[in-house]
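Written below as structure tokens is the structure these notes are about.
Throughout, a chain's letter reflects where its sequence line sits, starting with A, and its residues are numbered from 1.
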Amino acid sequence: MIRLENLTKHYRSVKALQGINLQVAAGELFAYLGPNGSGKTTTIRILTGLSRPTLGDAYLHDQHIERDTLKAKRQCGLVPQTINLDHELTVFENMDIHGRLFHMPTKERLERIDELLDYVELKERKASPVKQLSGGMKRRVMVARALMHSPRILFLDEPTVGLDPSIRRRIWSLVKRIQQGGATIFLTTHYIEEAEFLADRVAFLDEGRIVTVDTPQNLMARLGAWALDEIINGEMETTYFKSREEAKRYIREQQGSFSLRRVNLEDAFIFLTGKKVLP
Amino acid sequence: MRGWLAIYYRELLILKKKFFRQIASMSVGPTLYLIAFGLGMGKDVQLAGHTYLEFLIPGLVAMNSMTQAFAIASEINIARFYWRIFEEFQAAPIRNIAYVTGEVLAGITRALLSVTVIIVLAFFFGVVLSYNLFFWLAVVLNGFVFASLAVCLAMLVKSHADQALLTNFFITPMAFLGGTFFPVDRMPHWAQKALFFLPLTHASTAIRGASFGHVPDLFSYFLLAAIGSILFVLAFYCVNKAKD
């Protein structure tokens, strides 16, 4: 379980986080959604012990991230936004060092490396230097490395940024499988469809504050089921309807060019924050 | 504290990958100094009862062990600013003191390796000195001082480019003035007083004394151990500070 109480972070005059209160249940896949600079990475940095909060408290399975820092860190795995593998070393060596950092015995380390490379379908690249891998492969190695010590909580900070759609979907399947294995997953993303597809619950974050927390279905249902986009005076306007028939009736009554589609999570985000989730 | 072993192991792996490049790089400077100053000055120039070549080799040992131990700062910066490996260490359940210990040990290892290279080169130049326990102890203490300083400064700099500046300000003056190429006691009195405050002056004294089989000047050893310990503690605080 993850618990944040009045979590605040200021970098001089910049208020990166402004009193975040949040609870994520054990086994939940939780998405933290917001535009760049909204405080997503700052939250993850605090939760993984990379940064200190200015105010407030954070707990991972009741371990305080500052007071019980080593115990708290043992429970979590981190896949950061930027690739932070040792490019001079092989895939095996990168994972082995991670296992050593988490005090894993040799036998367990060696078994776990084979098991995880099989899991992320990279067993044949075990001896390859990281610099020879593609971007997607590096991401998968980072996920495998973060799982080495069997963390109860996995933090994924923009895990698919910069990847092409087919690889992104492969990472999604991997994330779902990890959750099915019992881990709690805390995911930050600005890819709306990623949160919509993966998350049990979503938090919308804007300027360091949580705007709302709910399931993707409930957030979308607040608007309706169907969205009608139309251009009015050069501006895109979207109207929401409970049913397709209701939307069609509206189209018949109006004149112009319309595009009818299902409501998505981005609609909910724009509706609640007045902003687009731009990368 | 077991975390230090993981950090040290990682540095050894990196060193192993670049072993031949490192050995070549560690050999270039001393070879040039030995040719230019050693052979160039000839065996006729005598200093403190030894040929200049014999005088020079312990100085090169002190200088190279310093530069190689300090070079760990560049490795830390590459890991921190370029590969972002520092975050992997910070997210792991290891104490900052374990991180500093691993990096300082890696610096000392590099220093020992560079000294081995100089001993082999010296042999080819026909010089064999006394490489006794006090010689190696002085090398280790010199490595300890400059590897600890390297960790401190690597945590304080904001970019990889700043690192080169620090090398110019701290290491280069020390390399030339710390008793490497000349006996400090031949300098004017005021200069001797100033050079007394350089750790390399004491490392050169201790290493040269041990190489010539003299009774060790324990003051130099204690002073190096004390400076190293202070810098080691400072390095720990600098790692804590680097978090934000």
A/Ser38/A/Asp206 under side chain to side chain donor-acceptor pair (under 3.5 Å): CA gap, chis, key distance, verdict:
CA-CA 5 Å; A/Ser38 57; A/Asp206 188 33; over 6 Å; no

Under 3.5 Å, which donor-acceptor pairs link side chains of residues 108-123 of chain B to any protein atom two or more places apart or in another chain?
unit_1	atom_1	unit_2	atom_2	d
B/Thr109	OG1	B/Tyr8	OH	2.7
B/Thr109	OG1	B/Leu105	O	2.7
B/Arg110	NE	B/Gln68	O	3.3
B/Arg110	NH2	B/Gln68	OE1	3.3
B/Ser114	OG	B/Ala111	O	2.8
B/Thr116	OG1	B/Leu112	O	2.8

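- The aromatic rings of A/Phe30 and A/Phe186 lie parallel to each other, their planes meeting at an angle below 30°, with 60° marking the opposite boundary.
- In the displayed structure, B/Phe134 atom CZ is contacted under 6.0 Å by at most 12 heavy atoms of other residues, nucleotides or ligands.
- Remark: A/Lys9 is positioned above the aromatic ring of A/Tyr11, its terminal NZ or CZ atom under 6.0 angstrom from the ring centre and at most 45 degrees off the axis.
- Using a 4.5 Å cut-off between non-hydrogen atoms, the part of residues 90-99 of chain A that approaches chain B consists of A/Thr90, A/Glu93, A/Asp96, A/Ile97, A/His98.
- Annotation: maximal heavy-atom pairing with chain A below 4.5 Å, among B/Lys17, B/Arg84, B/Glu88, occurs at B/Glu88.
- Residues of residues 104-117 of chain A lying under 4.5 angstrom from chain B, judged on non-hydrogen atoms, do not exist here.
- The contact between A/Leu101 and chain B is made by backbone and side chain atoms together, counting heavy-atom distances below 4.5 Å.
- When each of A/Ile167, A/Ile83, A/Thr160, A/Leu133 is paired with A/Arg139, the side-chain contact (heavy atoms from CB on, under 4.5 Å) condition holds for A/Ile83 and for no other.
- The number of heavy atoms from other shown groups lying within 6.0 Å of CG (B/Leu32) is above 12.
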side-chain contact (heavy atoms from CB on, under 4.5 Å) for B/Asn132 and B/Phe135? Distances and angles first, verdict last.
CA-CA 5 Å; B/Asn132 54 40; B/Phe135 171 87; 3.6 Å; yes

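- For a heavy-atom cut-off of 4.5 Å, chain B lies close to A/Leu70, A/Lys73, A/Arg74 in residues 55-74 of chain A.
- No donor-acceptor pair closer than 3.5 Å links the side chain of A/Tyr32 to the backbone N or O of A/Thr41.
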Passes side-chain contact (heavy atoms from CB on, under 4.5 Å), A/Leu78 versus A/Leu50? Steps please.
CA-CA 11 Å; A/Leu78 168 67; A/Leu50 295 177; 3.8 Å; yes

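- A side-chain donor-acceptor contact under 3.5 Å links A/Gln18 and A/Arg209.
- At a threshold of 4.5 Å between non-hydrogen side-chain atoms, the residues A/Asn36 and A/Lys40 count as touching.
- Close placement of the B/Phe86 and B/Tyr99 rings is indicated, their centers lying within 6.0 Å of each other.
- Formation of a donor-acceptor pair under 3.5 Å by the A/Thr189 side chain with backbone atoms of A/Ala195 is not found in this model.
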